Protein chains: 2
Amino acid sequence: MEKQTVTIYDVAREAGVSMATVSRVVNENQNVKETTKKKVLEVIDRLDYRPNAVARGLASKRTTTVGVIIPDVTNLYFSSLARGIDDIATMYKYNIILANSDQSTNQEVKVLNNLLSKQVDGIIYMGTTITDELYDAMLRSNTPVVLAGTMDSSHEIASVNIDYKTATQEATDIIIANGHNNIAFITGTLKNTAFNDLRLQGYRAALEKAGITYNEKNVYEIPLTYKAGEHVIEKLLAADNTAAVVVDDEVAVGMVNALKDQGVSIPEDFEIITSNNSKLTQLTRPCLTSIAPPLYDIGAVSMRLLTKIMLKEEIAQNEITLPYRMEQRQSTK
Amino acid sequence: MEKQTVTIYDVAREAGVSMATVSRVVNENQNVKETTKKKVLEVIDRLDYRPNAVARGLASKRTTTVGVIIPDVTNLYFSSLARGIDDIATMYKYNIILANSDQSTNQEVKVLNNLLSKQVDGIIYMGTTITDELYDAMLRSNTPVVLAGTMDSSHEIASVNIDYKTATQEATDIIIANGHNNIAFITGTLKNTAFNDLRLQGYRAALEKAGITYNEKNVYEIPLTYKAGEHVIEKLLAADNTAAVVVDDEVAVGMVNALKDQGVSIPEDFEIITSNNSKLTQLTRPCLTSIAPPLYDIGAVSMRLLTKIMLKEEIAQNEITLPYRMEQRQSTK
DNA sequence: GTGAAAGCGCTAACAG
DNA sequence: CTGTTAGCGCTTTCAC
């Protein structure tokens, strides 16, 4: 019951050629006569030969595997990106080693090193924050890295994002245009996150443009969970907020449900706009108006960009900004 | 700018020992004097040596990597399992190569072969159906396989599941107890799926026990998507169904929303019970009553079982059946 | 307790 | 167009 052990050598002997020739056939090298190629292919098929990717990786120093660091596969925002990543990876014949990081720097550094020891050809990182420690480890690794849906304030690492600031500003504009002036901004931690920071800037810019005084009290830093969304409603109501711009869909759904449970009607008495347009936005009633970043595409483009870097192709730009849409639904007027 | 090239040989030379000794230290082999071990460790740290897992894999024929075949990471049911899998894998120092299969047999076989060529030490398969073709490929591979949340009618492959039949029967019982007798059963395809088949058996058993005649027309085979859930409502209403047992949460949410949009109140005029207790069940209003399989645990236990098989440990049983709960919420009376 | 040496299965020059 | 020959970096006997 041992594992398959048909090697390139067996194929070579059986086909009466050298292993180099077999290797050429397997790697679709052009320099093989059509007849020998056919012969080799026939033997490969008959012996059910499957090239050993590990041996290949050792000899060629390319593993056709990329590491993907994800905070949590269970989060729809990230899993949507992951799906885009995997599809493009498959298209380019790469496999993906997925590793959950729980957004903990400690964990992330460990995961990164583990991925590097596996000799991945490249890495895609998803998260919200990149700490200096992680950043250094990435640079030192000399392995291509692309940040998917993640900002790097140093702008040294390749990344794919939307323009969070403008998007959030537009979202806030919509709320303002509907007559609100005591608008809550619901965000995750603002510590070290270029990400949430940009959104906050957008929120502030919109207020400023409309001549509304920015009030720190209207910025709520909470964990990005459904429960936290439910709970924050109490505070918003107490603070007489009549609308909210939310950075996370799960939080927004929690808010919608808490509001409904309290008998507050949306959008009549309270308007909400969220940021990721994940499936969830359409599963609630009312459906959520949302900034609509192209989630799948952010993943897909990240992976495509990574292939280019890995193959040392010319890349037009290091930081790609994808367009987003605004999806107007029933949580705003 | 080449990748790191500190090898075991460099460490050996620098520490004044042989590579065999370094290898022993790295692999925590006991037969090394404490002092030399310390010396080697110091050099490893100083040189920032990181063992090359690929070379290791080639030499030892163990890659400490397992393949995970998943229909779609974006599906909360499967991503919850995946999370459990990854956590336990990490605990046992395995990495995970994740591959989306879209439930297409063609794709699955391709993915399986690809995984095998990468020399994974084991495979975890998620899906609903195992076709003969896939089944054969798995057996032939001589690589340990565990099915997570997936039934294999031949009972040859190790698997972790709940008792779908009894669970569905219980769910149907609840509906029946509430006075319904024209109950719809909403399922994915029944073709080749031990999975849905068991559920159907449970549904039928409950009806029979209650003396309700089974009516084929009440079984709706639809795609397991939100949209399909929305659409099926029209038919249910036309058929005067007053309750439904649903195998998929997304479908159930679609149904709830369609019913609400039609002004049908839940649970007063229509009761629904769903099967996976994913996050979604609590994000809707009303919240969904659901069979509650321990999603994370199914993944975790699958991975644990796989480690045992890979390490050739004694396993008590090949097919593990985990307990489930019933989560009574507002979509039933 | 430690070292020498033989591979693991493949790719990649380099010849021819 | 094809074969020869070195390794890739590590584990694993087998001696000592």
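If you're wondering where the values come from, they're calculated on a predicted model, not measured in any experiment. In what follows, chains carry the letters A, B, and so on, assigned in the order in which the sequence lines appear, proteins first and then strands, with residues in each chain numbered from 1.
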Take the protein atom [atom1] of [X] and the nucleotide atom [atom2] of [N], then report the distance between them rounded to whole Å.
X      : N      : atom1 : atom2 : value
A:Y9   : C:dT11 : OH    : P     : 17 Å
A:K118 : D:dG9  : NZ    : C1'   : 15 Å
B:K37  : C:dT2  : NZ    : C1'   : 16 Å
B:N29  : C:dG3  : CG    : C1'   : 14 Å
B:K39  : C:dT2  : NZ    : P     : 8 Å

Give the table of side-chain donor-acceptor pairs shorter than 3.5 Å for residues 71-80 of chain A, with sequence neighbours excluded, one pair per line with atom names and distance.
unit_1	atom_1	unit_2	atom_2	d
A:D72	OD1	A:T74	N	3.1
A:D72	OD1	B:R83	NH1	3.1
A:N75	OD1	A:Y77	N	2.8
A:N75	OD1	A:F78	N	3.4
A:S79	OG	A:N75	O	3.3
A:S79	OG	A:L76	O	3.4
A:S80	OG	A:L76	O	2.6

According to salt bridge (charged side-chain N to carboxylate O under 4.0 Å, His left out), who are the partners of B:R46, at least two apart in sequence or on a separate chain?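 Only B:E14, B:E42 meet the salt bridge (charged side-chain N to carboxylate O under 4.0 Å, His left out) criterion with B:R46.
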
With sequence neighbours excluded, what pairs up with A:E319 under the salt bridge (charged side-chain N to carboxylate O under 4.0 Å, His left out) test? none

List for me each residue that meets side-chain hydrogen bond (donor to acceptor under 3.5 Å, both in side chains) alongside [X], sequence neighbours excluded, and say none if there are none.
X      : value
B:T307 : B:R304
A:T150 : none
B:S60  : none

Report for the helix from C:dG1-D:dC16 to C:dG16-D:dC1: angle between first-end and last-end helix axes, five pairs each, rounded to 10 degrees.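 If I round to tens, the end axes sit 30° apart.
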
Reference residue B:K118; test side chain to side chain donor-acceptor pair (under 3.5 Å); the match among A:T63, A:N52, A:T64: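 Of the listed options, the one satisfying the test is A:T64.
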
Ignoring backbone atoms, test whether A:Y49 places a side-chain nitrogen or oxygen under 4.0 Å from the OP1 or OP2 oxygen of C:dC10.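 Yes, such a contact exists.
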
C:dT11, OP1 or OP2 - any side-chain N/O from A:R56 closer than 4.0 Å? yes

For DNA chain D, whose closest nucleotide is more 5', that of B:N27 or that of A:E34? A:E34

Qualifying side-chain hydrogen bond (donor to acceptor under 3.5 Å, both in side chains) pairs, either residue in residues 294-303 of chain B, two or more places apart: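 Residue pairs with at least one partner in residues 294-303 of chain B: B:D87-B:Y296.
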
For A:N114 and A:K110, indicate whether the former's side chain and the latter's backbone hold a donor-acceptor pair under 3.5 Å.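 No, A:N114 side chain to A:K110 backbone: no donor-acceptor pair under 3.5 Å.
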
Using a 4.0 Å heavy-atom cut-off to protein, can you give one letter per nucleotide of nucleotides 3-8 of chain D, 5' to 3': B if the base is in contact, S if only the sugar-phosphate is, - if neither? BB--BB

